[in-house]
Amino acid sequence: MGELADRLREFAVAREWEHYHTPKNLVMALAGEVGELVAEFQWLTAEESVRVMDDPEAASRVRAELGDVFGYLVRLADVLGVDLLDAAATKLEANERRYDPATYRGTFRKAPPLP
């Protein structure tokens, strides 16, 4: 993860784009790329979405959009000084406490916030 963040930072520096890579701009770019990923699934049925990677052309587009989303997310975390792996682990631990399996197995109900 650190190596990718370094490469993305170097990519921006080499093009003198650092001044564009504000948190606001990176969040907006991330949202735009998520929108492009959404567009790849928008009109698919649930069953078609499960098999999207079976179509080489669709798979290529989905991989590219996932790469864009991930790249902007890593770049945003780097600019903000956030360790993404730590943030994800912390959030998962909170969700494990919030959504105990006995209560939430098989349901999509939202849990109340943790105290």
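Source: prediction; values computed, not measured.
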Spacing of [atom1] belonging to [X] relative to [atom2] belonging to [Y], to within rounding of 0.5 Å:
| X | Y | atom1 | atom2 | result |
| --- | --- | --- | --- | --- |
| T90 | N95 | OG1 | CG | 11.0 Å |
| L84 | F70 | CG | CZ | 7.0 Å |
| E3 | L8 | CD | CG | 11.0 Å |
| R61 | E36 | CZ | CD | 12.0 Å |
| E16 | E18 | CD | CD | 7.0 Å |
| L92 | R98 | CG | CZ | 12.5 Å |

Q) Can the positive tip of R7 be found less than 6.0 Å from the middle of the six-membered ring of F11, inside 45° of the ring normal? A)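 Judged by the rule, R7 and F11 form no cation-pi pair.
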
Heavy-atom pair with the smallest gap, counting every atom of [X] and [Y]:
| X | Y | result |
| --- | --- | --- |
| V82 | A87 | CG1-CB, 4.1 Å |
| E48 | L44 | OE1-CA, 3.3 Å |
| L26 | V79 | CD1-CG2, 3.7 Å |

Considering residues, nucleotides and ligands other than [X], do more than 12 of their heavy atoms fall under 6.0 Å from its [atom1]?
| X | atom1 | result |
| --- | --- | --- |
| R109 | CZ | yes |
| Q42 | CD | yes |
| M28 | CE | no |

Q. Do the side chain of S49 and the main chain of A46 share a donor and acceptor less than 3.5 angstrom apart?
A. yes

**Q.** Residues that, via side-chain heavy atoms closer than 4.5 angstrom, fall in one hydrophobic cluster with Y99
**A.** Y104

Is it the case that one hydrophobic cluster holds both [X] and [Y], taking links as side-chain heavy atoms less than 4.5 Å apart, direct or via other members?
| X | Y | value |
| --- | --- | --- |
| L80 | V34 | yes |
| M1 | L30 | yes |
| V27 | V38 | yes |
| V13 | L4 | no |

Q) So do L76 and Y72 actually touch side chain to side chain, heavy atoms under 4.5 Å? A)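 No; the side chains remain at least 4.5 Å from each other.
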
(Q) Quick test of your reading: applying salt bridge (charged side-chain N to carboxylate O under 4.0 Å, His left out), list the pairs with at least one residue in residues 68-91, sequence neighbours left out, ordered by first then second residue. (A) R9-D78, R75-D78

